[in-house]
Amino acid sequence: MSRERPAQRVDGPLEGSFHAGADDSGHRFSDSTIFRVGLGAVLLAFGLFLWASVAATRKLADANDASLRAVTVLRRVDELTTHATRIENGFHAFILTRDIPYQVAWRNAQTGAWAQVQAIRTDRDLTTDQTRHLDAIQTVLEDWLAAQEPVMQAVRDDTTGAPVDAAVLAAISELGRQLDMHAEAVQRIEATRMNVVAVHAEAQQRRALVYATLAAALIPFLIFGIAILWARHTARMEATIATLEREGEERAEIEASLERLARRHRVILDAAADGIVEVDANGIVTFLNPAALAILGIRKHAAGQPYGDVVFGGEALGVDAEQASATRQAVELALRDGRVHADTNGIFAPRGGRALPVELQVAPMGQAGRVSGAVITFRDVSAQRELARQRNQLMGILSHELRTPLTSVRGSLGLIAAGPVGALNEKGRELLRIAIQNSDRLMRTIGDILDVERIESGRFDLERAPTPARVIVDEALAAVRKIATEAGVDVESDVADVVVHADRDRIAQVLIHLLENAVKFSPTGTTTRVEVAEAEGSARFTVRDEGFGIPEEQLAGIFDRYHQVDASDSRSRGGAGLGLTLSRGIVREHGAELEVASAPGEGSRFTFEIPLAAAVRESPDRDRRDDPEPDRQAVA
Amino acid sequence: MSRKILIVDDEEDIRTVATASLELVAGWSVIAVSSGEAAVEVALREQPDAVLLDVMMPQLDGPSTLELLRSDPVTRAIPVVFLTAKVQPAERRRLSTLPVAGVLTKPFDPLSLADQVSGVLGWV
């Protein structure tokens with residue numbers, strides 16, 4: 001047994017609750033993805049902030065460094081021009097005064113100037129223009145000094161005090177002016193460079209600061225978003241955990257229910273009086289309940305053995321091979337066609353045991369049309385079979401030992417009544433009439449008992465053939481005419497011109513029973529009618545009377561064996577109470593039902609329907625009795 | 001037309017009634033025996049026009065007696081009618097498949113027994 005419940009499934013770990021498929025809001029992206037992207041964005045923003053901050057610092061440092069170098073260059077150029085001024089002052093002072101200290105100062109200033117020129121080259125990556133101007137400075141300085149040197153020599157060596165040539169001095173001055181001009185150019189370029197670096201550094205720094213500011217501004221928002229997502233994530237986690245816990249509890253409850261169910265099934269199987277055997281699709285026994293072990297006389301468990309070996313493994317005497325084959329086939333058929341098969345006349349021959357009469361039913365198991373095994377339920381019917389045998393024997397005795405002497409009695413009476421053996425006086429004829437009447441009644445009662453017995457034991461036999469309903473009704477009317485006349489009951493008929501597919505004698509027997517009953521239980525002067533009408537492929541037979549009717553509380557039991565409407569009836573009206581039992585049995589053997597409608601004082605109406613011969617020809621199934629246990633499709 | 005009938009039944013009363021019926025009502029000549037063995041012996045000797053044979057008899061039953069009669073060339077052609085208390089159609093059908101002229105059932109009407117036998121044998 002399984003309880004229907006919605007399929008539940010948890011996909012993956014807890015994180016699964018963040019999958020788009022599990023999100024009932026229908027979001028395209030899951031929370032976990034958004035969370036990861038958000039975290040990445042925060043880290044990116046933070047990285048951007050760091051990078052921008054570092055970049056700004058570095059740019060500031062670079063700008064400072066460049067400024068320092070530029071200042072150094074400017075300072076050295078100043079030093080150079082200072083030394084140049086000292087050279088020029090020393091030169092002019094010496095040629096005016098001829099004092100040696102001025103000459104010494106002039107020389108020292110040269111050394112300083114050259115040192116500054118050299119320092120400028122090494123301290124700074126000069127631009128092309130700067131280099132060109134510095135080269136020019138160097139050349140002009142050399143030329144300038146070279147022009148001053150002979151003048152200084154000449155003044156020192158001159159004893160006359162003659163003045164220095166003005167043109168020479170002018171040329172020297174011009175060189176000094178060029179020297180200043182180039183120095184200024186170098187300084188101007190350096191100043192420009194310094195400005196450019198400063199401006200660039202400032203721009204870089206500003207940009208970096210903007211980035212850093214943006215990143216710093218973004219970070220709180222991102223952190224806030226992540227916090228919201230994290231809260232949502234946590235809430236869903238908690239919901240998922242709660243769902244899982246609930247499902248776990250439900251699962252535990254279901255498992256407990258299944259366990260209780262299994263225990264109950266085990267108890268039922270153990271308590272069952274019928275043997276229950278389970279086999280797999282190959283006919284291998286997989287389970288036997290205690291009753292099966294006991295009935296088959298098996299001490300040890302037989303699971304794992306072929307079913308045939310378990311129930312037919314013995315060599316019991318008296319086992320009908322055909323019967324055993326049918327029993328064996330019930331299982332094979334069920335495993336093959338997936339339908340329920342039954343054998344009410346089965347036989348087992350287990351090892352070391354006697355032939356075992358059984359009734360069994362084989363129900364296949366499986367799903368989706370695939371048979372995975374079968375359950376065989378069986379019971380030992382030895383006692384029932386023996387009882388049936390004894391009953392048959394009794395019926396045989398009844399049939400032979402009662403009918404045979406009655407045949408002699410009735411035959412003798414008939415011969416006497418016919419006159420061939422001599423004439424009787426009036427009293428003798430009256431007694432003979434009584435004897436014949438009662439022997440006929442006894443013969444009918446015995447016949448009815450035997451017929452009821454045959455119907456109930458399934459040995460009743462019909463000879464159905466197309467027969468006009470009129471013929472059957474006329475036969476019944478002829479049989480009851482005498483008692484109807486004696487009872488003063490008028491019997492009428494209204495029969496449609498139809499041909500039925502029936503056992504003529506047996507349906508006539510039913511009508512005779514019904515008409516005799518109607519006559520017996522109707523007051524003098526009433527009318528009993530027998531009607532046959534066509535009704536959808538059948539002929540509806542109706543016997544209706546204007547008799548006393550049947551009390552409602554007795555209607556349900558009137559078809560029971562030996563039933564009398566009341567205790568006095570059997571004495572006053574005769575009959576063993578088998579007529580309606582037999583009539584219903586005969587009608588049922590024709591695949592129909594005998595129905596009654598009656599009420600006290602309103603008479604009774606008995607009806608049944610017999611197939612028309614034409615309908616049977618068109619649909620042969622109508623001629624078949626309903627199978628009390630038709631094959632059922634296995635339940636998947 | 002007078003006929004010679006052999007009645008075979010283990011019940012003496014049945015033999016008596018059937019004999020009286022055929023003799024008194026139809027005026028036939030009747031020989032009655034109580035067993036199958038006696039029936040074969042009498043049939044060989046008397047050559048009856050027909051045998052009215054009971055089905056259920058101790059020792060040699062009706063079908064076995066019929067087989068013996070059919071196996072002997074002298075009695076092979078004698079028509080046999082079963083007289084049986086088995087009234088179920090299936091049983092009657094089974095008996096009808098044997099080489100017999102017909103099957104009549106007990107109880108029989110003594111006044112019409114001769115007519116029934118004649119009808120089955122085509123003597124009408």
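Residue numbers begin at 1 in each chain, while the letters A, B, ... track the order of the sequences.
In the displayed structure, B/E12 atom CD is contacted under 6.0 Å by at most 12 heavy atoms of other residues, nucleotides or ligands. Heavy-atom neighbours of B/E67 CD from other residues, nucleotides or ligands within 6.0 Å: at or below the threshold of 12. The 12-atom threshold is exceeded at CD of A/E486, counting heavy atoms of other residues, nucleotides or ligands nearer than 6.0 Å. A/Q390 CD: more than 12 foreign heavy atoms inside a 6.0 Å radius.
Each of A/L415, A/T407, A/L413, A/I416 was evaluated against B/P110; a single residue qualifies, A/L415, per the side-chain contact (heavy atoms from CB on, under 4.5 Å) test.
For the atom pair A/T404 OG1 and B/D13 CG, the distance stands at 10.0 Å (nearest 0.5 Å).
Heavy-atom distances place the side chain of B/R93, and not its backbone, under 4.5 Å from chain A.
Taking both residues in full, the closest heavy atoms of B/V17 and A/S408 are given as CG2-O, 3.4 Å, listed atom of the first, atom of the second, then distance.
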